[in-house]
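Down below is the structure, laid out as structure tokens.
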There are 2 protein chains.
Amino acid sequence: LIRLSDVTKIYGAENKHPFTALAGVSLQIEAGEFAAIMGPSGSGKSTLMHILGCLDTPTTGEYHLEGDNVDRLRGDQLAAIRNKKIGFVFQGFNLIPRTNAVENVELPMLYSNTPPEERRRRAAEALRRMGLAGWEGNRPNELSGGQQQRVAIARAIVNDAPLILADEPTGNLDTKTSAEIMELFVRINREEGKTIILVTHEADIAAYSRRIIRVRDGLIVDDERREGR
Amino acid sequence: LIRLSDVTKIYGAENKHPFTALAGVSLQIEAGEFAAIMGPSGSGKSTLMHILGCLDTPTTGEYHLEGDNVDRLRGDQLAAIRNKKIGFVFQGFNLIPRTNAVENVELPMLYSNTPPEERRRRAAEALRRMGLAGWEGNRPNELSGGQQQRVAIARAIVNDAPLILADEPTGNLDTKTSAEIMELFVRINREEGKTIILVTHEADIAAYSRRIIRVRDGLIVDDERREGR
Ligand SMILES: Nc1ncnc2c1ncn2[C@@H]1O[C@H](COP(=O)(O)OP(=O)(O)OP(=O)(O)O)[C@@H](O)[C@H]1O
Ligand SMILES: Nc1ncnc2c1ncn2[C@@H]1O[C@H](COP(=O)(O)OP(=O)(O)OP(=O)(O)O)[C@@H](O)[C@H]1O
Ligand SMILES: [Mg+2]
Ligand SMILES: [Mg+2]
């Protein structure tokens, strides 16, 4: 499904303080895998996730998604692939401030031309799955941190994309809510065959995955398949 | 130091969907304590922290900070007390986007009229203590999630305030960096006598505190003093 070959990402390559966030990453992920990416703060995990999610392009190297070479695509072409194939949960949620929860979750379906009633129904259902029934009309600043995070997760799963990328999806959630979200990811992966890649710094969250990829200073230093929960 | 008496917070009290985020909280915290607030997502922890931090006022009830009745203060008076007495780490960091890391950390000292050279020196020192020496010139969107979080912590400690309120300060940090931040909080509390109140959902972070206050549905359901790490 995913093949990265010698990918680098250098921020500010054109100015006097270039910073190498990814120093040469090669990675292969099969359809249906459930992997966790771990590593120190600043090690390049979100940069790697943004490239995997077609939100950013590598400075050098290749990225093949379902056999298509996406690293050289730009603009509308990249957005079209991204919207169809990928659900993304941002580390900072990235919800639209002046828009309520259900409209935020509907957003991916606007791009795929889903009819309005079906959009509203599926968005409300995704919020219900996240334990947020009753909070559809709240705007992000009327929601707690963990509630905003769950709206962001609902938005990532609503379009039924085959690949879910979640950057620290439980960072603001209590233990019980975290466990509920992870059980949902396990179910989506096992019953619906979705590929899931999540970044976490919590070992008990990574324990739900069947593969742990460790990143340090922009390189993959460890990559181990294991039994999940 | 802190005395809350029967504090309630009702959002939207004036419209048709009032929501009671705090249903009657009484709490006393002595100077020099190190307390953790825990509870499910949406239970009212951040709302409580914003009232303790003089960033919001109760709907009903009283809040005495160092003997001053602050619940009825507004605007400039509230900001003056807040800036002098409290360092606040927001759950969403709340860094100013178009401003670099060291200027974000300097912000509290602008209010207290610290001279520019001393402001710059103390802000750089606070960033160094957070492991961010070399990142002073980066803007928030040029920093990782955990780096932004550490800039927010540096901003909270730079003004040497007697009370530090930190809302999920390690939510985006790996285990090693989290431990370093917690050791710093323990040092600030033990050696400098600062009062520290932090919200966390991680038990191993709460283990550094000497008191655990549990919140559920806008009420304190448990409040226990214990040995810290
Ligand atoms: N401006 C607002 N208008 C309406 N409801 C609000 C507003 N702000 C917060 N709330 C609600 O108040 C409740 C408490 O929010 P709060 O942010 O204090 O929770 P929390 O315990 O910090 O949760 P988390 O662990 O997810 O950060 C939530 O259910 C939230 O939806
Ligand atoms: N636009 C940018 N310009 C310059 N440097 C950047 C930019 N974006 C990220 N960086 C740097 O690249 C490095 C990797 O960032 P990244 O966000 O991938 O880290 P991370 O592993 O996700 O960290 P965290 O666990 O703290 O979220 C960081 O040191 C960061 O400062
Ligand atoms: Mg990150
Ligand atoms: Mg909160």
Side-chain angles (χ1 to χ4, degrees), chain A residues 11-12 15-17 19 21 38-50 90-93 95 97 130-132 134-135 137-138 140-150 167-181 199-206 214-216, chain B residues 11-12 15-17 19 21 38-50 90-93 95 97 130-132 134-135 137-138 140-150 167-181 199-206 214-216:
Chain A
Y11 290 113
N15 65 27
K16 61 186 182 310
H17 288 304
F19 179 83
M38 302 188 82
S41 172
S43 56
K45 305 180 298 295
S46 295
T47 301
L48 175 57
M49 290 289 268
H50 291 171
F90 291 86
Q91 188 169 4
F93 316 151
L95 299 178
M130 287 295 141
L132 291 177
W135 301 98
N138 286 53
N141 68 343
E142 296 170 339
L143 292 168
S144 78
Q147 290 171 337
Q148 292 177 42
Q149 187 151 44
R150 284 179 277 162
D167 197 343
E168 296 280 1
T170 62
N172 285 274
L173 298 176
D174 59 279
T175 310
K176 183 167 165 290
T177 310
S178 287
E180 288 167 8
I181 297 295
V199 170
T200 184
H201 64 274
E202 298 181 62
D204 47 356
I205 298 299
R214 292 187 191 277
V215 179
R216 179 178 286 276
Chain B
Y11 290 113
N15 67 27
K16 61 185 182 314
H17 289 304
F19 180 84
M38 303 186 81
S41 172
S43 57
K45 304 179 298 296
S46 296
T47 301
L48 175 58
M49 288 289 269
H50 291 174
F90 290 87
Q91 188 170 2
F93 316 151
L95 299 178
M130 287 294 140
L132 290 177
W135 300 98
N138 285 54
N141 67 343
E142 296 170 340
L143 292 168
S144 78
Q147 289 170 338
Q148 293 176 42
Q149 187 150 44
R150 282 178 279 162
D167 197 343
E168 296 280 2
T170 62
N172 285 274
L173 298 176
D174 59 278
T175 311
K176 183 166 165 287
T177 311
S178 289
E180 288 166 8
I181 298 294
V199 170
T200 184
H201 64 273
E202 298 181 61
D204 49 356
I205 298 297
R214 293 187 189 276
V215 178
R216 178 178 285 277

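Residue numbers begin at 1 in each chain, while the letters A, B, ... track the order of the sequences. Predicted model, so just to flag it, every value in this text is computed and none were measured.
For the side chain to side chain donor-acceptor pair (under 3.5 Å) with Glu168(B), the qualifying choice from His201(B), Gln149(B), Gln91(B) is His201(B), the only one to do so.
Taking the ring-ring contact (aromatic ring centres under 6.0 Å, His included) definition, one finds that Phe93(A) meets it with nothing, sequence neighbours left out. When the side-chain hydrogen bond (donor to acceptor under 3.5 Å, both in side chains) test is applied to Ser41(A), the partners found at least two apart in sequence or on another chain are Arg150(B).
Contacts between Gln147(B) and chain A at a heavy-atom distance below 4.5 Å involve backbone atoms as well as side-chain atoms. Only the side chain of Glu202(B) has a heavy atom closer than 4.5 Å to any heavy atom of chain A. In this structure, chain B has no heavy atom under 4.5 Å from any part of Ser46(A). With a 4.5 angstrom heavy-atom cutoff, Thr170(B) touches chain A only via backbone atoms.
Here the CG-CG distance, from Leu132(A) to Leu143(A), works out to 7.5 Å after rounding to the nearest 0.5 Å.
The candidate from Thr47(A), Thr200(A), Leu173(A) with the greatest count of non-hydrogen atom pairs under 4.5 Å with chain B is Leu173(A). Note: Gly42(B) leads Ala21(B), Gly42(B), Ser43(B) in heavy-atom pairs under 4.5 Å with chain A. Chosen from Ala203(A), Ser178(A), Gly171(A), the residue pairing most often with chain B at heavy-atom distances under 4.5 Å is Gly171(A).
Looking at Lys45(B), its side chain does come within 3.5 Å of a backbone N or O of Pro40(B) through a donor-acceptor pair.
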